[in-house]
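Reviewing the structure listed below.
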Amino acid sequence: MKAVTYRGVGQVAIEDVPEPKIQHSGDAIVRVTRCAICGSDLHIYHGHIPGMVPGSVCGHEFTGVVEEVGPGVQAFRKGDRVVGTFHTACGHCPMCRKGAYNQCREYGVFGYGVAFGNLPGSQAEFIRVPYADVNLRVIPRELSDEKALFCGDILTTAYGAVRNAQLQPGETVAVIGCGPVGLMAIQSALAQGAARVLAIDLLRDRVELAERLGAVPIVASETNPVAQVNKLTGGLGADVVIEAVGGPRTVALAFELVRGGGRISAVGVTTAESFPFPLATSLTRDISFRIGLANIHRDIDATLALVAGGRIDPEVIISHRLPLAEAVEGYRLFDSREATKVVLIPGE
Ligand code: NAD
Ligand code: ZN
């Protein structure tokens with residue numbers, strides 16, 4: 001089958017690789033109908049994820065049709081239309097039982113190399129899904145594959161970040177980064193009751209898209225975001241700050257934007273081991289700081305329902321739809337920020 005493989009820093013390729021087979025009784029084989037390129041795939045593309053061996057199949061966002069199930073799979077059968085979770089969980093270890101699916105003892109991320117479970121990715125014609133009963137959801141009949149696609153990753157990541165910040169109705173949220181995750185955070189914050197969302201990015205076109213989604217635009221390369229947020233909040237700062245870029249610089253910015261007693265929720269992926277945490281200021285200003293990988297299984301049913309109910313429209317961020325065979329160009333477009341979100345279509 002055709003698949004997108006990692007080939008080294010800044011290089012992906014379309015290659016013929018063996019089709020996946022059922023390996024364990026809980027596995028399903030899914031024929032991929034849609035997959036996407038995520039900001040997290042760019043960390044691989046930039047060579048920042050250790051354990052990505054050249055030749056590994058990339059990608060972790062996908063929808064598809066169940067092709068085959070192992071004997072232990074109960075909830076799915078051949079022909080079911082499904083969306084996959086970008087990370088896997090076993091569903092039965094002590095962590096899963098606590099609802100901490102992102103801490104599962106068998107945690108893995110599709111297409112993220114040996115450090116993340118060594119699972120071949122979804123930018124391919126077929127994918128093997130372990131613990132299929134846990135890591136797949138049926139797509140509601142009224143939703144197209146493209147509307148459901150981001151529920152397996154960026155939408156639910158963003159929704160969970162807002163939920164982790166314990167947003168109260170009527171609060172003001174600042175979102176740092178208007179890439180796909182930030183744009184989904186804007187929609188999620190509004191769906192969860194935010195009165196206002198202040199959208200910050202360096203790129204004007206991304207902030208303009210955020211504005212079309214209902215946010216107040218702040219172009220950080222043209223104006224000082226701290227001054228703007230202060231001005232818009234009467235000098236208080238934002239009740240909640242969502243950090244959706246990754247790394248010390250934007251986390252530091254979050255501390256400057258949040259009001260006393262406010263909450264920061266960071267989801268940007270970083271490989272920086274440490275960060276100069278503003279300890280005394282956070283103590284006196286009563287700041288809550290939360291960071292973590294998405295817990296997709298906790299929130300995916302909520303996001304599917306919100307999309308099905310028309311409260312969130314994830315499709316609006318798709319700028320490019322390309323055949324899987326054009327994935328090399330897709331990565332280039334997304335990495336250069338010419339594309340907001342690239343969806344790849346296998347078999348075209
Ligand atoms: P992206 O790279 O497409 O978007 C990042 C955006 O941040 C871009 O629009 C960029 O212009 C903007 N930006 C960069 N520096 C900035 C700055 N200093 N100030 C303001 N804006 C700045 O990525 P994405 O797909 O939107 O993902 C965002 C982050 O979320 C990535 O790090 C990704 O790996 C991460 N992510 C985390 C999880 C998780 O489980 N925690 C899940 C999915 C994605
Ligand atoms: Zn992702």
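Atoms within each ligand, like the ligands themselves, are counted from 1 in listed order.
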Side chain to side chain, D201 and V219, heavy atoms closer than 4.5 Å: no

Given V82, which of V66, N135, D145 fulfils the side chain to side chain contact (heavy atoms under 4.5 Å, CB included) condition? V66

Taking the basic N atoms (NZ, or NE/NH1/NH2) and the acidic carboxylate oxygens, is any pair closer than 4.0 Å for E61 and R34? no

If the condition is ring pair (Phe, Tyr, Trp, His ring centres under 6.0 Å), which residues does F275 pass it with, not counting sequence neighbours? none

The single option from R206, R204, R212 passing salt bridge (Lys or Arg N to Asp or Glu O under 4.0 Å) against E208: R204

At less than 4.0 angstrom from any non-hydrogen atom of F334, what atoms of ligand 1 do you find? 3 (O)

Could you establish whether G292 and ligand 1 come within less than 4.0 Å of each other, counting only heavy atoms on the residue side? yes

Is it the side chain, the backbone, both or neither of H87 that has a heavy atom closer than 4.0 Å to ligand 1? neither

Atom 23 (O) of ligand 1 sits nearest the protein heavy atom G39 CA, 3.6 Å

Are any of the side-chain heavy atoms of H92 and Y131 separated by less than 4.5 Å? yes

Does the N or O separation between G246 and ligand 1 drop below 3.5 Å for any pair? no

A220: heavy atom below 4.0 Å from ligand 1, yes or no? no

Could you identify the single nearest non-hydrogen protein atom to atom 41 (N) of ligand 1 and state the distance to 0.1 Å? V267 O, 2.9 Å

Yes or no: does I154 have any heavy atom under 4.0 Å from an atom of ligand 1? no

Between the side chains of K147 and E315, is the shortest nitrogen-to-carboxylate-oxygen separation below 4.0 Å, so that they form an ion pair? yes

Ion pair present between K21 and D27, side-chain N to carboxylate O less than 4.0 angstrom? no

Got the closest protein heavy atom to atom 43 (C) of ligand 1, with its distance? D153 OD1, 3.4 Å

Under 3.5 Å between any N/O of V269 and any N/O of ligand 1: does that happen in this structure? yes

Could you check atom 28 (C) of ligand 1 against the protein and tell me its nearest heavy-atom contact, residue, atom and distance included? A244 O, 3.2 Å

Contacts of the Zn ion (ligand 2) with protein N/O/S atoms, counting only those under 2.8 Å: C38 SG, H60 NE2, D153 OD2

Nearest-option assignment for atom 19 (N) of ligand 1, heavy atoms, candidates T270, T250, D41, L293: T250

Any idea which of N102, I176, L202, I291 brings a heavy atom closest to atom 16 (C) of ligand 1? L202

Tell me which protein heavy atom sits closest to atom 9 (O) of ligand 1, plus the residue, atom name and distance to 0.1 Å. D201 OD2, 2.6 Å

Identity and distance of the protein heavy atom lying nearest atom 36 (N) of ligand 1: S40 OG, 3.6 Å

Protein heavy atom at shortest distance from atom 14 (C) of ligand 1: V245 CG1, 3.5 Å

Electrostatic pair D239-R259, nearest N-O below 4.0 angstrom: yes

Taking T172 as the fixed residue, which of T233, V229, V216 is the one that meets the side chain to side chain contact (heavy atoms under 4.5 Å, CB included) rule? T233

min-distance protein heavy atom vs atom 1 (P) of ligand 1 -> R337 NH1, 3.6 Å

Are H87 and H297 near enough that their ring centres are under 6.0 Å apart? yes

Contact check, side chains of V307 and L143, non-hydrogen atoms, under 4.5 Å: yes

